[in-house]
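Computed from a predicted structure; not experimentally measured. Each chain gets a letter, A, B and so on, in the order its sequence line appears, and its residues count up from 1.
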Amino acid sequence: MKPPQFDYVAPASVPEAVAVLAERGPHSRVLAGGQSLLIELRYRTARPALVVDVNRIPGLSDITVDDGSVHVGALVRHAQLERARFDDPLAGLFRQVAPYVAHPPVRARGTFAGSLAWAHPASEWCALAMALDAGIELDGPSGPRRVPAASWFRGPFATACLPEELVTGVRLPRPPAGAVAAFAEHRRTHGSFALAAALVMLRVSEGRVDWVRVGLANAADVPLRAVEAERLITGEPPQPDLLAQAAARAAAEADPPDEPHAPAAYRRHALATLVRRCLTRAVETAGAP
Amino acid sequence: MNVQLTVNGGTHRLDVEPRTSLADALRDRLGLTGTTLGCEHGVCGSCTVLVDGTAVRSCLVLAVQAGGADIRTVEGLAGEDGPHPLQEAFAAEHALQCGFCTPGFLMLLAGALAEEPDLDHDERRLNEILASNLCRCTGYAGIRRAAARAAAALRGDGAAAVHEPEGGSAS
Ligand SMILES: Cc1cc2nc3c(=O)[nH]c(=O)nc-3n(C[C@H](O)[C@H](O)[C@H](O)COP(=O)(O)OP(=O)(O)OC[C@H]3O[C@@H](n4cnc5c(N)ncnc54)[C@H](O)[C@@H]3O)c2cc1C
Ligand code: FES
Ligand code: FES
């Protein structure tokens, strides 16, 4: 289907965008990469009276690194993260995960922040944001605010973003120096969304895991952080038995819905395998026993 | 809404509805029907064009967003002195059958080879790029060979020695 009719504005600044949204927010949609919104318009699951294109706003396309955090502007494309070269373990994680998000022509336009705003339960970036305690930065009629990932995701395609608000960027706390990353995904075809995916970042110090994060995609109707699995490993030597136990725990924390191609039990099994692979690979990378 | 589109070097002023995709503007308003539409959902890649040098899905860009950008379609690929090396390579390697997907693959590769001239030396990366688009006819082996042949030609390597797996290809 062709999209329904809508009006279009391309504000030149964040305040201009905020002013437009303050007036027409409930009847409008923000357009970032358009790699999901244009499809929703065609399915007519989105029927906004107004599309607010933020691509002409300068200053939203940068990845900036400071002492404590990495900031990803609202217009940073998947492809930029695929090439991330800044000096932090997060760059390595971005480079590992990005190739699993769609394919190169979609990655050229789609944005990291747009993925978080769209909140597809299978989104790799949403799982990453959840695992690493990202803060989603918004601007709107009542001024800027920041929402932690833990209270951002409200369900499939549902977030804490108000219709009058604009995501301006995402702030990720920097993992401790020496942390390593691993990512694994199971999908039906090369171009498919994840049937399930797992992401691990950890640090091994003096033979013990002293910091670990485990994120899961498509493991529930929102992205998950497997906190119990993390607790099981923290402070322990990363022995294979323990890693397998932690993987099983992560899968137990998941709450996958039944789907025709993936009954809940199957997806739990897949998640346990993916988490174990990530933990094992991360520990190998960290050079531990 | 008015928009000025620069397509293959020529400028066109158009009055379009905001909901018009770049693909529809190219096909229905400018008559550039080389850009084909398969799925209109970003999946098949038959609509791939270059926007400022980068291969993108023209079904997932609004025409009004493309004002001021340098847009290249398959119609702009051939030069004065004949087909583009990619087009010659596709013909030589039997990289098309029905041809519906071909404009998309040509533009996908035009963008990729401009960015990574040695793309054919990295089999994984080449496969990853080619997996962006769908071809229901060829089985991709010919397209892969054509990509390697064109890459060599564009680098000026002369006649490309393309390695054939044991048993050759189906074509
Ligand atoms: C063929 C194909 C395969 C794909 N495969 C994957 C995949 O494997 N994994 C994956 O995660 N994604 C996948 N995607 C989706 C892709 O990653 C999108 O880029 C992403 O979901 C949305 O980002 P966007 O910038 O394109 O957002 P848009 O499409 O522009 O917007 C999506 C939604 O978010 C809202 N929004 C966007 N930006 C903002 C903002 N700054 N402030 C407020 N609201 C905002 C919009 O209003 C809209 O509701 C795929 C897409 C395609 C076409
Ligand atoms: S028509 Fe654009 S990707 Fe299929
Ligand atoms: S040649 Fe027919 S789809 Fe590719």
A/Y43 OH: over 12 foreign heavy atoms closer than 6.0 Å: no
A/Y8 versus B/P18, closest heavy-atom pair with distance: CB-CB, 3.6 Å
Spacing of A/D53 atom CG and B/Q65 atom CD [to the nearest 0.5 Å]: 4.5 Å
Side-chain touch A/R42/B/S21, heavy atoms, less than 4.5 angstrom: yes
Atom of B/L60, atom of A/L38 and distance for their closest heavy-atom approach: C-CD2, 3.3 Å
Contact class of B/E17 relative to chain A, heavy atoms under 4.5 angstrom: side chain
Test item: A/R109 side-chain N/O and B/V56 main-chain N/O as donor-acceptor pair under 3.5 Å: no
A/M1 side chain reached by B/E40 side chain, heavy atoms, under 4.5 Å: no
Which atoms of B/V61 approach chain A - backbone, side chain, both or neither, heavy atom under 4.5 Å: both
Closest-packed option against chain B by number of heavy-atom pairs under 4.5 Å, given A/P105, A/A79, A/A10: A/P105
Choice from B/T48, B/L62, B/T20, B/I129 maximising heavy atom contacts with chain A below 4.5 Å: B/L62
B/R136, CZ atom: more than 12 neighbouring heavy atoms under 6.0 Å: no
Contact winner vs chain A - B/V64, B/T54, B/L108, B/V51, heavy-atom pairs under 4.5 Å: B/V64
Minimum-distance pair of heavy atoms, taken over all atoms of A/H103 and B/G42: CE1-O, 3.5 Å
Contact check, side chains of B/D24 and A/K2, non-hydrogen atoms, under 4.5 Å: yes
Option that, when pairs with chain B are counted at under 4.5 Å, heavy atom only, ranks first among A/D7, A/L41, A/L31: A/L31
Neighbour count >12 (heavy atoms, 6.0 Å) for atom CD, B/E123: no
Spacing of B/H41 atom NE2 and A/E40 atom CD [to the nearest 0.5 Å]: 10.0 Å
